[in-house]
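Here the structure is laid out as structure tokens; the discussion comes afterwards.
Each chain gets a letter, A, B and so on, in the order its sequence line appears, and its residues count up from 1.
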Protein chains: 2
Amino acid sequence: MASRPAEPDALVERFARYLRDRRLPVTRQRMEVAQAVTRVADHPSADRIQRDLAERKIRVATATVYRTLELLVQSGLVREHDFGEGFRRFESVSEQDRHEHLICQRCGKVVEFSNDRLERMLELIADELDFLHRRHRIEVYGLCPDCRRRDLVALRPSGAPS
Amino acid sequence: MASRPAEPDALVERFARYLRDRRLPVTRQRMEVAQAVTRVADHPSADRIQRDLAERKIRVATATVYRTLELLVQSGLVREHDFGEGFRRFESVSEQDRHEHLICQRCGKVVEFSNDRLERMLELIADELDFLHRRHRIEVYGLCPDCRRRDLVALRPSGAPS
DNA sequence: TTACGTGCAAAGGCTTTGCAGTCGG
DNA sequence: CCGACTGCAAAGCCTTTGCACGTAA
């Protein structure tokens with residue numbers, strides 16, 4: 001179900017092409033950030049991306065990380081999310097791959113799912129209300145299988161849950 | 001379709017009861033903020049609420065607005081939204097009233113809609129993935145009828161859109 | 001060469017926190 | 001009275017901006 005991120009190299013390559021098409025410099029930093037977005041699993045934040053690069057001894061300034069992410073989003077190669085955590089997350093998009101998210105409220109894990117009927121319904125609903133549908137997002141918050149199980153176990157021994 | 005906010009007085013009253021039940025002080029500021037959330041249309045931000053109160057010559061500190069909103073959210077009487085604008089919005093909830101949002105990307109207008117099938121589908125999908133569904137949100141971004149029309153008009157006269 | 005990018009640090013916008021004074025129950 | 005709240009200002013967090021220097025093409 002859940003889509004794997006686009007091949008890192010594929011995204012980097014497409015980003016490079018995007019930049020060249022616009023006569024924009026293809027810099028080391030831009031390529032590194034693009035690569036990190038696909039390399040780091042689970043919808044990384046800007047900070048997470050920067051730390052991933054740091055671990056690999058690649059120093060890129062915070063401002064550059066943000067500026068590059070903005071370019072990636074504009075290019076359509078990366079999707080931006082706000083799960084209400086106080087910071088944004090990013091995710092590489094392999095085209096024609098629409099999917100939504102389940103977010104675990106306990107451990108923060110993010111799982112993807114897709115359902116065509118769901119997507120189409122929203123377009124219809126927008127249409128009925130005379131809205132021009134451009135994009136949408138669907139997020140389900142709850143407990144992932146692991147945390148859900150852990151909850152049950154925690155409840156069993158004695159009496160009341162916290 | 002779109003639900004009207006709960007009667008202001010109803011919400012204030014229920015909030016007061018909520019506080020009393022927990023032996024928490026029912027203060028003037030708390031009641032004013034609660035009232036403002038339902039009075040101000042269109043999913044106000046904390047700032048919007050504070051300014052609404054200021055216009056009515058009611059001075060409530062920013063911190064108090066935020067602290068009260070947190071209580072309101074915890075009480076379940078108010079829903080919190082993050083439409084990715086860099087700030088949060090709030091909305092009073094008249095119970096058993098589940099609805100989702102259409103957000104105009106041009107003028108920021110927010111329209112509500114509800115669709116039971118949609119809601120149920122998400123519960124089913126979560127279930128299939130062994131997730132415990134607690135809540136979800138669905139947001140459609142696009143152009144409201146007005147802005148959509150304005151766009152057409154703007155395109156008609158001569159050649160290219162801006 | 002030259003426009004555009006990068007790093008750095010400072011500034012910004014929203015939200016939270018610490019603390020002394022105040023007030024609801 | 002006492003615990004909880006309020007206002008105020010400062011601090012926090014993520015993100016953006018200004019500017020001098022560096023670099024892709």
Side-chain angles (χ1 to χ4, degrees), chain A residues 12-13 15-37 40 43-54 57-75 78 80-90 108, chain B residues 12-13 15-37 40 43-54 57-75 78 80-90 108:
Chain A
V12 171
E13 195 186 292
F15 187 40
R17 196 179 320 140
Y18 174 87
L19 293 171
R20 276 192 291 267
D21 285 351
R22 287 166 180 63
R23 307 273 122 78
L24 295 175
V26 177
T27 66
R28 193 178 68 64
Q29 291 91 331
R30 283 174 175 175
M31 294 302 100
E32 291 291 359
V33 171
Q35 200 155 30
V37 177
V40 180
H43 313 71
S45 62
D47 178 65
R48 179 80 185 69
I49 288 166
Q50 191 177 27
R51 283 188 290 109
D52 178 78
L53 291 172
K57 305 283 179 259
I58 302 164
R59 191 167 293 105
V60 181
T62 307
T64 300
V65 172
Y66 279 102
R67 287 189 280 231
T68 304
L69 285 170
E70 191 183 334
L71 276 172
L72 283 163
V73 169
Q74 282 174 4
S75 75
V78 162
E80 177 179 17
H81 296 290
D82 188 333
F83 294 151
E85 302 162 299
F87 56 86
R88 287 173 294 164
R89 292 178 182 242
F90 299 85
Chain B
V12 171
E13 194 185 292
F15 187 39
R17 195 179 320 142
Y18 174 86
L19 293 171
R20 276 192 291 267
D21 286 350
R22 287 168 178 62
R23 309 271 121 78
L24 295 175
V26 176
T27 65
R28 193 178 66 65
Q29 291 90 330
R30 283 173 174 173
M31 294 302 100
E32 291 291 1
V33 171
Q35 200 156 29
V37 177
V40 179
H43 312 73
S45 61
D47 177 65
R48 181 79 185 68
I49 288 166
Q50 191 178 26
R51 282 187 290 109
D52 178 76
L53 291 172
K57 304 284 179 258
I58 300 163
R59 192 168 290 105
V60 181
T62 307
T64 299
V65 172
Y66 278 103
R67 288 189 280 231
T68 303
L69 286 170
E70 192 184 334
L71 275 172
L72 283 163
V73 169
Q74 281 173 6
S75 75
V78 161
E80 177 179 20
H81 297 289
D82 187 334
F83 294 151
E85 302 163 297
F87 57 86
R88 287 174 292 163
R89 291 177 182 244
F90 301 86

A:R89 or B:R59, whichever maps to the more 5' nucleotide of DNA chain D: B:R59

Heavy-atom closest contact (B:A16 atom, B:V26 atom, distance): O-CG2, 4.0 Å

Residue pair B:V73, B:E70: steps toward the side chain to side chain contact (heavy atoms under 4.5 Å, CB included) verdict: CA-CA 5 Å; B:V73 169; B:E70 192 184 334; 5.8 Å; no

Please output the side-chain donor-acceptor pairs of residues 80-90 of chain A that fall under 3.5 Å, not counting sequence neighbours, one pair per line with the distance.
{"unit_1": "A:E80", "atom_1": "OE2", "unit_2": "A:R88", "atom_2": "NH1", "d": "2.5"}
{"unit_1": "A:H81", "atom_1": "NE2", "unit_2": "A:E91", "atom_2": "OE1", "d": "2.7"}
{"unit_1": "A:D82", "atom_1": "OD1", "unit_2": "A:G84", "atom_2": "N", "d": "2.8"}
{"unit_1": "A:E85", "atom_1": "OE1", "unit_2": "A:R89", "atom_2": "NE", "d": "2.9"}
{"unit_1": "A:E85", "atom_1": "OE2", "unit_2": "A:R89", "atom_2": "NH2", "d": "2.9"}
{"unit_1": "A:R89", "atom_1": "NH1", "unit_2": "A:D42", "atom_2": "O", "d": "3.2"}
{"unit_1": "A:R89", "atom_1": "NH1", "unit_2": "A:H43", "atom_2": "O", "d": "3.3"}

Rounded distance (nearest 0.5 Å) linking atom [atom1] of [X] with atom [atom2] of [Y]:
X: A:L72; Y: A:Y18; atom1: CG; atom2: OH; result: 9.0 Å
X: B:I49; Y: B:L69; atom1: CD1; atom2: CG; result: 4.5 Å
X: B:Q29; Y: B:E32; atom1: CD; atom2: CD; result: 8.5 Å
X: B:M31; Y: B:I58; atom1: CE; atom2: CD1; result: 13.0 Å

First-last contacting nucleotides on DNA chain C - partner chain A, under 4.0 angstrom, heavy atom: C:dC4 to C:dC8

[atom1] of [X] versus [atom2] of [N]: gap in Å, rounded?
X: B:E32; N: D:dC5; atom1: CD; atom2: P; result: 18 Å
X: B:R88; N: D:dC13; atom1: CZ; atom2: P; result: 15 Å
X: A:E85; N: D:dT15; atom1: CD; atom2: P; result: 11 Å
X: A:I49; N: D:dC14; atom1: CD1; atom2: C1'; result: 14 Å

Interface residues of residues 20-30 of chain B with DNA chain D (non-hydrogen, below 4.0 angstrom): B:L24, B:P25, B:T27, B:Q29, B:R30

Residues which pass salt bridge (Lys or Arg N to Asp or Glu O under 4.0 Å) with A:R17, listed by chain and number, not counting sequence neighbours: A:E13

Donor-acceptor pair between A:Q50 and A:T62 side chains, under 3.5 angstrom: yes

Contacting residues from residues 61-73 of chain A, given that a heavy atom lies under 4.0 angstrom of DNA chain C: A:A61, A:A63, A:T64, A:R67

Heavy-atom donor-acceptor pair, B:R30 side chain to B:F15 backbone, under 3.5 Å: no

End axis versus end axis in the helix from C:dT1-D:dA25 to C:dG25-D:dC1, the angle rounded to 10°, five pairs used at each terminus: 40°

Side chain to side chain contact (heavy atoms under 4.5 Å, CB included) between B:L19 and B:L71, worked out: CA-CA 9 Å; B:L19 293 171; B:L71 275 172; 4.3 Å; yes

Flag if over 12 foreign heavy atoms under 6.0 Å of CZ, B:R51: yes

Over 12 non-hydrogen atoms of neighbours within 6.0 angstrom of CZ in B:R28: yes

